[in-house]
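Single-structure report; data block below.
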Amino acid sequence: MTRRAFAGGAVAFGALGAGAAQSQDLGGILGRATDLLGDLGIDNWLEGEAPITTNLEDAVWGNPDADGWSPGYEPAPLTTLERTAIGGFVLRPGYYRMATQSYCLHAGTHGPGGGDGYLFAPLRGSQEEAVRDILRNSVRRPDIVQQDIQVTIWAILSRTRFEDMNARIQSVAAQLLTPEQLARLNRSAMDLVPRGAMNRVMGEIPAPLRSVFQAEADLRRRLTQGRSTYAQLEEIAVLGGNAPVGPGSRTIPGGRWSDHPDGYRIRYMPSGYSHTTTEIWLDERSAGVGAEYDPSIHVAVPGNTARQRLAQSGRERV
């Protein structure tokens, strides 16, 4: 989904019950914003596919009938299962749990909280391959700290040129991605938006996109300068305070299971954006017996669209 399509849907959601003239005015805002972005050479931000597009509409496997259900016995560590070459797990009948490292995939939104539940959705977007490979390859590189992996993902989300970043993150990216992938990321990167132009854009861009656009632009500037602390980057990407209810949100209770299409049951219980407890269950007759659980292609999606979507990994919480 392009950001323009998202904005149009969010505007339509907010304008339900409004008159035709108001809807036309909102459409005009979108048009003027696109013209202005085009003048700045960054119209692809609205018209192109976002690096990661996974959203609540992709989370179609939630099972409300299983709310309150549990297998009735203590889960075994997921790490007792056979590991695969890409950092996944070969599933066997049973109930499993793992406290994992997870990652922010939606800069400019609020972290988990408020009792919101999370559902399974697949990793999608123009840079899904790069993000997937970072998560997979990180399992074999325990020496790379989680914060550096998150910064690398933020660089992709904000379309920052890796060649313009500090040597530390360039080195991390080179260890987790191929030279071809890095070259593609550099070609798809955006230039810094002049502060004066940013003010003009923010005055025109639709409200549902302002916080995301601002966060990505601020991250790109900070990452290019190369002097920011992790806390400063985190403050931009993960909003504090009480989260509003985002457009198109659904009431999802905490701990809701998703029935994965590969034939097992899974649920996510985040503790902040950087750690998620994952539980998986399947019995002897489940189609998922013998299947691979690959966390790198899983996204935990909240019922509240104003909160973070969380990339999953096969790395244990430390």
Side-chain angles (χ1 to χ4, degrees), residues 50-52 54 78-79 83-89 98-109 111-112 123-182 184-186 188-189 215-216 219-220 222-224 226 228-238 268 270-278 293-300 308-318:
I52 297 299
T54 303
L78 188 64
T79 51
R83 299 299 296 260
T84 69
I86 59 174
F89 302 84
M98 182 176 178
T100 69
Q101 297 179 15
S102 53
Y103 298 89
C104 159
L105 280 182
H106 196 191
T109 56
L123 184 69
R124 291 175 175 159
S126 63
Q127 300 299 343
E128 64 182 77
E129 177 191 284
V131 173
R132 178 202 68 194
D133 286 357
I134 286 171
L135 297 169
R136 284 180 177 174
N137 293 333
S138 70
V139 176
R140 299 194 300 270
R141 296 302 307 267
D143 55 308
I144 300 177
V145 299
Q146 183 180 7
Q147 289 185 344
D148 285 349
I149 296 168
Q150 179 65 81
V151 171
T152 306
I153 291 173
W154 278 334
I156 293 174
L157 298 179
S158 61
R159 306 190 192 207
T160 303
R161 285 190 180 85
F162 280 90
E163 60 193 17
D164 294 337
M165 296 177 65
N166 65 40
R168 179 188 181 95
I169 300 303
Q170 287 191 47
S171 174
V172 169
Q175 294 173 74
L176 299 177
L177 295 167
T178 66
E180 293 76 18
Q181 286 174 317
L182 284 170
R184 286 196 297 271
L185 288 168
N186 282 326
S188 65
E216 291 182 9
L219 280 173
R220 196 158 53 248
R222 287 278 192 177
L223 290 168
T224 299
S228 299
T229 65
Y230 185 83
Q232 290 171 322
L233 297 174
E234 183 180 55
E235 186 177 13
I236 294 168
V238 185
Y268 312 96
S271 176
Y273 72 91
S274 60
H275 298 106
T276 299
T277 297
T278 301
Y293 164 55
D294 177 6
S296 74
I297 56 176
H298 282 230
V299 180
Q308 292 281 343
R309 299 170 299 210
L310 304 176
Q312 302 300 300
S313 80
R315 288 169 49 128
E316 286 190 87
R317 177 177 180 171
V318 294

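Index from 1, following the sequence.
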Heavy-atom side-chain proximity of L310 to P270 below 4.5 angstrom: yes
Nearest-0.5 Å distance that lies between atom CE in M165 and atom OG1 in T224: 7.5 Å
Intermediate values then yes/no, side-chain contact (heavy atoms from CB on, under 4.5 Å), W154 and I236: CA-CA 10 Å; W154 278 334; I236 294 168; over 6 Å; no
N/O donor-acceptor pair under 3.5 Å between Q308 side chain and P112 backbone: no
Spatial distance of atom CG (L105) from atom CZ (R309) [nearest 0.5 Å]: 7.0 Å
Gap between atom CG of L78 and atom CD of E316 - 0.5 Å precision: 9.0 Å
Atom of L135, atom of A311 and distance for their closest heavy-atom approach: CD1-CB, 3.9 Å
Q146 and R315: side chain donor to acceptor below 3.5 Å: no
Verdict with reasoning, R222 to E235, per salt bridge (Lys or Arg N to Asp or Glu O under 4.0 Å): CA-CA 12 Å; R222 287 278 192 177; E235 186 177 13; over 6 Å; no
Approximate separation, where rounding is to 0.5 Å, of R140 CZ and L176 CG: 9.5 Å
Test item: side-chain donor near acceptor, S158 and T160, under 3.5 Å: yes
Closest heavy-atom pair and its distance - S313, Q101: OG-O, 2.7 Å
Atom pair CD1/NE2 of I52 and H106 - distance to nearest 0.5 Å: 11.5 Å
E129 CD to I297 CD1 distance, which is reported to the nearest 0.5 Å: 13.0 Å
Test item: side-chain donor near acceptor, Y273 and E234, under 3.5 Å: yes
For V139 against G87, the heavy-atom pair lying closest together: CG1-CA, 4.1 Å
side-chain contact (heavy atoms from CB on, under 4.5 Å) between S188 and R159, intermediate numbers included: CA-CA 7 Å; S188 65; R159 306 190 192 207; 5.8 Å; no
Side-chain donor or acceptor of T100 paired with backbone N/O of G314 under 3.5 Å: no
Nearest non-hydrogen partners of V145 and R168, listed with the distance: CG2-NH2, 4.1 Å
Worked verdict on L185 versus F162 for side-chain contact (heavy atoms from CB on, under 4.5 Å): CA-CA 8 Å; L185 288 168; F162 280 90; 3.7 Å; yes
Closest approach of P51 to I156 (non-hydrogen atoms, all atoms of both residues): CG-O, 3.6 Å
Neighbour count >12 (heavy atoms, 6.0 Å) for atom CZ, R83: yes
Heavy-atom check, side chain of R317 versus side chain of S271, under 4.5 Å: yes
salt_bridge(D294, R136) N-O dist < 4.0 Å: yes
Heavy-atom side-chain contact between D148 and Y230 under 4.5 Å: no
Nearest heavy-atom neighbours spanning N166 and G226: ND2-O, 3.8 Å
Worked check of side-chain contact (heavy atoms from CB on, under 4.5 Å) between Y103 and I134: CA-CA 11 Å; Y103 298 89; I134 286 171; over 6 Å; no
